[in-house]
Amino acid sequence: MKPGIHPDYHPVVYQDRSTGESFLTRSTETSDQTVEWSDGNRYPLVVVDISAASHPFWTGQRRVLDTAGQVEKFRRRYGDRATRRPS
């Protein structure tokens, strides 16, 4: 790697806003907030809205989607293509 052209790569703590779970990793992201980690060191804290701790795919929770409403909205806007005959 060329010296002097890459951003600083350092340890950062990410915290999930909804669950409060945090994990230590390395990143180029910075923050004004810091947190003391279990090893006794202080690291920049980046609070995220969603992580693997709260994402429905990783937690196994399903969200109910209004797919029928979306289909009806599509049909109102564009019509039902099955009933149309090509000209």
Side-chain angles (χ1 to χ4, degrees):
M1 290 191 336
K2 264 188 178 175
I5 64 169
H6 298 284
D8 181 35
Y9 187 65
H10 54 275
V12 175
V13 174
Y14 284 93
Q15 183 179 32
D16 190 313
R17 181 169 296 167
S18 59
T19 63
E21 187 171 324
S22 13
F23 57 93
L24 177 66
T25 187
R26 295 181 58 86
S27 175
T28 59
E29 194 164 11
T30 60
S31 174
D32 293 334
Q33 295 178 323
T34 60
V35 66
E36 187 170 339
W37 195 245
S38 58
D39 62 2
N41 294 326
R42 292 198 75 75
Y43 298 108
L45 174 67
V46 178
V47 180
V48 294
D49 293 330
I50 194 162
S51 71
S54 62
H55 194 280
F57 180 81
W58 299 111
T59 61
Q61 298 172 347
R62 292 183 159 226
R63 292 186 183 178
V64 177
L65 297 176
D66 181 24
T67 54
Q70 293 297 320
V71 170
E72 291 306 315
K73 182 178 174 183
F74 178 85
R75 287 190 175 149
R76 278 193 311 257
R77 184 176 293 165
Y78 300 107
D80 190 7
R81 291 188 174 210
T83 60
R84 289 187 186 175
R85 304 259 184 218
S87 304

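The analysis underlying the following values was restricted to heavy atoms, covering all of them including side chains, and did not include hydrogens, waters or symmetry mates.
Minimum heavy-atom separation, Pro11 to Leu24: CB-CD1, 4.1 Å. Across every non-hydrogen atom of Arg42 and Glu36, the tightest pair is NH1-CB, 3.4 Å.
Here the straight-line distance linking atom OG of Ser51 with atom CZ of Arg17 works out to 11.5 Å at 0.5 Å rounding. Residue Glu72 holds its CD atom at 13.5 Å from CZ of Arg77, rounded to the nearest 0.5 Å. With values rounded to the nearest 0.5 angstrom, Tyr43 atom OH is found 14.5 Å from Tyr14 atom OH.
Tracing side-chain contacts under 4.5 Å through hydrophobic residues (I, L, V, M, F, W, Y), one reaches Phe23 starting from Val12; they form part of the same cluster. Under a hydrophobic clustering in which Ile, Leu, Val, Met, Phe, Trp and Tyr are joined whenever their side-chain heavy atoms come within less than 4.5 Å, directly or via other members, Val46 and Ile50 fall into different clusters.
Contact check for Gln15 versus Val35: no side-chain heavy atoms found under the 4.5 Å cut-off.
With hydrogens and angles ignored, the 3.5 Å screen pairs a side-chain donor or acceptor of Ser31 with a backbone N or O of Leu45.
Shown here is Glu21, whose CD atom has no more than 12 heavy atoms of other residues, nucleotides or ligands within 6.0 Å.
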